[in-house]
Participant: 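Encoded as structure tokens, here's the structure I'll be asking about.
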4 protein chains.
Amino acid sequence: MDINQDKKTLLLESALELIRDHGFHGTPVSMVAKHAGVAAGTVYTYFQSKDDMIKELYTYVKSQIYLEISSKDDPRLPFQSRFYALWKNMTGLYLAKPSFQRFMEQFISSPFNTAELQQSVDVWREWLELFFQQGIEQNVLRPLSPKILAIMVLGSIISQIRYLTYFNSKTQLMEEELGLIPQMVWDGIKRQELSDSYP
Amino acid sequence: MDINQDKKTLLLESALELIRDHGFHGTPVSMVAKHAGVAAGTVYTYFQSKDDMIKELYTYVKSQIYLEISSKDDPRLPFQSRFYALWKNMTGLYLAKPSFQRFMEQFISSPFNTAELQQSVDVWREWLELFFQQGIEQNVLRPLSPKILAIMVLGSIISQIRYLTYFNSKTQLMEEELGLIPQMVWDGIKRQELSDSYP
Amino acid sequence: MDINQDKKTLLLESALELIRDHGFHGTPVSMVAKHAGVAAGTVYTYFQSKDDMIKELYTYVKSQIYLEISSKDDPRLPFQSRFYALWKNMTGLYLAKPSFQRFMEQFISSPFNTAELQQSVDVWREWLELFFQQGIEQNVLRPLSPKILAIMVLGSIISQIRYLTYFNSKTQLMEEELGLIPQMVWDGIKRQELSDSYP
Amino acid sequence: MDINQDKKTLLLESALELIRDHGFHGTPVSMVAKHAGVAAGTVYTYFQSKDDMIKELYTYVKSQIYLEISSKDDPRLPFQSRFYALWKNMTGLYLAKPSFQRFMEQFISSPFNTAELQQSVDVWREWLELFFQQGIEQNVLRPLSPKILAIMVLGSIISQIRYLTYFNSKTQLMEEELGLIPQMVWDGIKRQELSDSYP
DNA sequence: AATGAATGAGCTTTCATTCAT
DNA sequence: GATGAATGAAAGCTCATTCAT
């Protein structure tokens with residue numbers, strides 16, 4: 001059972017690495033098997049189909065993100081500190097594991113990602129909404145739906161990562177500017193008088 | 001020439017619709033041809049290969065977005081009004097043309113999207129950076145790189161659209177909340193004293 | 001009629017050049033048309049089909065060879081001189097027009113070349129057999145079937161050409177040896193006591 | 001390993017038979033597979049591509065010829081006997097395996113046959129050149145390049161086979177004449193006073 | 001006669017999946 | 001459980017040929 005879990009994880013990690021470089025459709029099952037050092041047929045001992053493997057990959061990556069981020073959060077700290085820590089940990093994780101980011105982006109924009117899936121229960125999303133819920137309850141964040149706050153913040157983190165990925169080489173000078181992004185986002189979501197709204 | 005352009009556009013639009021529903025790899029060339037009412041071989045009169053068609057699709061969609069958005073911008077208005085108009089027009093365009101959004105998301109997260117492509121010249125990106133440049137020059141926006149501002153704002157718009165796409169049915173109650181998102185983003189990017197930074 | 005003939009010849013020559021480099025199946029009709037400066041459809045004004053064009057090419061090349069070689073033969077000379085002249089003119093022609101040789105070789109070894117075709121009437125072959133017939137009648141050649149003599153001699157010429165084509169660069173030293181080949185062939189076919197036959 | 005070799009050989013033999021009748025381009029991979037009793041995809045387990053299969057076919061046929069002919073040569077016999085045996089064995093092999101001859105002719109006159117390939121190492125060609133080298137060293141053959149002798153002799157054998165293939169039906173009377181061809185060739189290559197050369 | 005866009009049959013090739021060993 | 005050769009549906013693409021202009 002333990003060994004089996006190890007082999008399954010090995011396959012998932014192999015798939016992740018290959019998908020990072022070649023995309024879903026540039027990554028045949030046989031390539032995943034070879035990279036993991038097993039025979040092609042063996043993949044079907046652990047997954048019902050390639051599609052099934054990709055769906056499990058989604059679950060796997062999300063749970064890895066959840067474990068990594070939630071374990072580093074200290075609820076006893078002031079919320080603003082927790083927010084900056086979340087930002088730092090998320091960007092750190094994605095930069096350390098580009099395969100996570102590449103996979104998630106591809107998955108989300110693929111036909112695998114259905115409305116049902118998005119609305120299904122999900123520990124990571126629940127944790128994240130609870131996180132923002134706490135910010136609201138502590139009167140630190142604007143009293144909006146935590147779901148919306150979560151999406152806005154995660155979206156901004158992805159944008160920053162994407163930027164670093166594509167322009168990294170050219171833009172070391174701007175690194176300090178990039179450090180301002182979480183502050184901008186924080187300024188957007190923190191409790192405050194809303195600016196002159198636009199009718 | 002005119003007819004040819006029409007047929008090429010017809011093929012592009014057909015591809016866009018089908019890719020929205022089935023993804024790049026769920027959309028064979030034959031399906032695009034059938035949907036456009038031509039023979040499979042005809043596609044190759046207008047595109048060198050399927051990959052070439054997808055790259056042209058990217059150019060096509062970007063130029064459509066550019067035309068739509070830039071034509072609706074009035075530089076004589078105060079910048080904040082222009083910002084809200086941009087937001088409204090972008091979300092309106094993406095909601096009216098879901099195929100545009102689905103395609104762009106898939107393209108960006110696919111292996112088609114290379115670093116070189118991201119760094120190449122692009123009217124739409126240039127227009128967008130000039131837009132934010134003007135906000136900075138008018139002392140309305142924070143003095144950051146317009147590139148970064150553009151990415152943050154576009155990323156947030158995409159996040160909002162994604163949210164609407166997946167949760168729309170359940171969440172009519174939140175619509176007013178969604179209307180607050182551009183205000184949050186505006187609060188994040190407008191010139192102001194930065195909040196207590198986090199060391 | 002004259003202009004038409006010119007265009008047909010132009011197409012034939014274009015086809016020949018392209019087939020030399022790319023082979024029958026590497027030479028689409030559209031490529032021939034483009035090379036000749038006409039539209040693809042125009043080819044079908046002059047030929048019923050691509051296969052038909054290839055068959056006409058065979059006739060065309062053979063008649064060109066026939067015209068070239070027969071016009072340079074002087075029946076008043078001693079036969080041995082005529083033989084060496086034939087050899088020289090054939091090798092000269094093939095080296096000057098590699099497209100002729102490449103085409104003929106390909107045609108002969110292709111499914112186009114049927115037994116019927118080989119046995120059909122053919123001015124070039126008839127001229128050639130008459131040539132060797134005269135050698136026999138003049139008691140200079142062995143009294144064999146002129147058909148067989150023709151095939152032996154032509155086959156040897158082809159062999160020599162092939163050798164020059166593939167080993168030319170390396171083998172300038174051997175050129176004088178190559179000059180001995182027609183003498184060897186002459187020694188083989190000239191009237192003489194046959195060597196000790198092998199039972 | 002043994003089974004795999006068997007199946008590969010089965011595919012090669014199937015391809016050979018079909019190419020004999022239909023030519024390279026009249027023989028789809030699917031036809032080869034069907035003839036061998038396997039699925040189309042299976043061909044790609046043994047060959048990287050159709051082109052690759054054709055190149056392997058060339059190697060295969062040449063090695064078969066080499067094995068057949070070299071095994072039947074007895075170097076202890078007088079050279080003239082060995083020469084006539086070579087002739088007889090070659091014509092016998094080609095007549096017994098017309099697919100060998102058809103394939104080799106097509107291959108040689110196709111774009112597959114490059115100058116590099118012709119100049120590459122090749123056991124069969126080396127054996128053949130050594131064969132003629134021995135004739136020279138035994139003072140039986142003219143002191144020419146063995147390469148040239150090999151080409152001349154092989155070319156003549158091919159010519160004879162071609163003749164038999166196309167005129168066989170009509171020409172039983174000539175069979176005795178055909179038997180004279182190797183004697184003519186022998187007379188051409190054997191050591192002797194060259195005939196009156198032609199300036 | 002000439003054009004060249006359109007056609008679609010037919011090809012090569014890939015790859016998810018199966019199953020005898 | 002593991003293997004990997006075999007499968008065959010399905011894809012991308014080519015190109016001989018047609019036909020409205």
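Reminder, nothing fancy here: chain letters follow the sequence lines and each chain counts from 1.
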Participant: For B:Ala40 and A:Lys50, take the nucleotide of DNA chain E holding the closest heavy atom to each; which residue's nucleotide lies nearer the 5' end?
Facilitator: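 Between the two, 5'-proximity favours B:Ala40.
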
Participant: Could you state the atom-to-atom distance from CZ of D:Phe47 to P of F:dA5 in whole Å?
Facilitator: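 Those two atoms, CZ and P, are 14 Å apart.
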
Participant: Donor-acceptor check, side chain of D:His35 to backbone of D:Met31, threshold 3.5 angstrom: yes or no?
Facilitator: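 Absent.
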
Participant: Aromatic contact between B:Phe24 and B:Phe103, with the criterion being ring centroids under 6.0 Å apart: yes or no?
Facilitator: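 Yes, close enough.
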
Participant: What's the NZ-C1' distance between A:Lys7 and F:dG1, to the nearest Å?
Facilitator: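 Checked: the NZ to C1' distance equals 8 Å.
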
Participant: In whole Å, what is the span from the NZ atom of D:Lys34 to the P atom of E:dT12?
Facilitator: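 It works out to 15 Å between those atoms.
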
Participant: Determine the contact category for A:Val38: base if any of its heavy atoms lies under 4.0 Å from a base atom, sugar-phosphate if only primed atoms, P, OP1 or OP2 are that close, otherwise nothing.
Facilitator: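 Result for A:Val38 = sugar-phosphate.
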
Participant: Can you measure D:Met53 atom CE to E:dT12 atom P for me and round it to whole angstrom units?
Facilitator: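 Distance, rounded to whole Å: 9 Å.
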
Participant: Distance check: side-chain N/O of B:Tyr44 vs OP1/OP2 of E:dT7, anything under 4.0 Å?
Facilitator: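 For E:dT7, OP1/OP2 do not have a side-chain N/O of B:Tyr44 under 4.0 Å.
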
Participant: In whole angstrom, give the distance that lies between atom CG of A:Asp6 and atom P of F:dG1.
Facilitator: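 After rounding, the gap between these two atoms is 14 Å.
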
Participant: Would you mind telling me which of F:dT17, E:dA16, F:dA6 lies closest to the side-chain atoms of A:Pro28?
Facilitator: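 Per side-chain heavy atoms of A:Pro28, the pick is E:dA16.
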
Participant: For residues D:Ala33 and D:Ala39, report the shortest heavy-atom separation together with the two atoms involved.
Facilitator: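 Answer, listing the atom of D:Ala33 first, then D:Ala39: CB-O, 3.6 Å.
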
Participant: Closer to the 5' end of DNA chain F via nearest nucleotide, is it B:Val29 or A:Thr45?
Facilitator: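 Of the two residues, A:Thr45 wins.
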
Participant: Tell me whether the side-chain N/O atoms of D:Thr42 come closer than 4.0 Å to OP1 or OP2 in F:dT7.
Facilitator: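 Yes, within the criterion.
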
Participant: Check this one for me: any side-chain N or O of A:Tyr46 less than 4.0 Å away from OP1 or OP2 of F:dG1?
Facilitator: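 For F:dG1, OP1/OP2 do not have a side-chain N/O of A:Tyr46 under 4.0 Å.
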
Participant: Could you tell me which non-hydrogen atom of B:Lys50 sits nearest to which non-hydrogen atom of B:Thr27, and how far apart they are?
Facilitator: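 For B:Lys50 and B:Thr27, the tightest heavy-atom pair comes out as NZ-O, 3.0 Å.
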
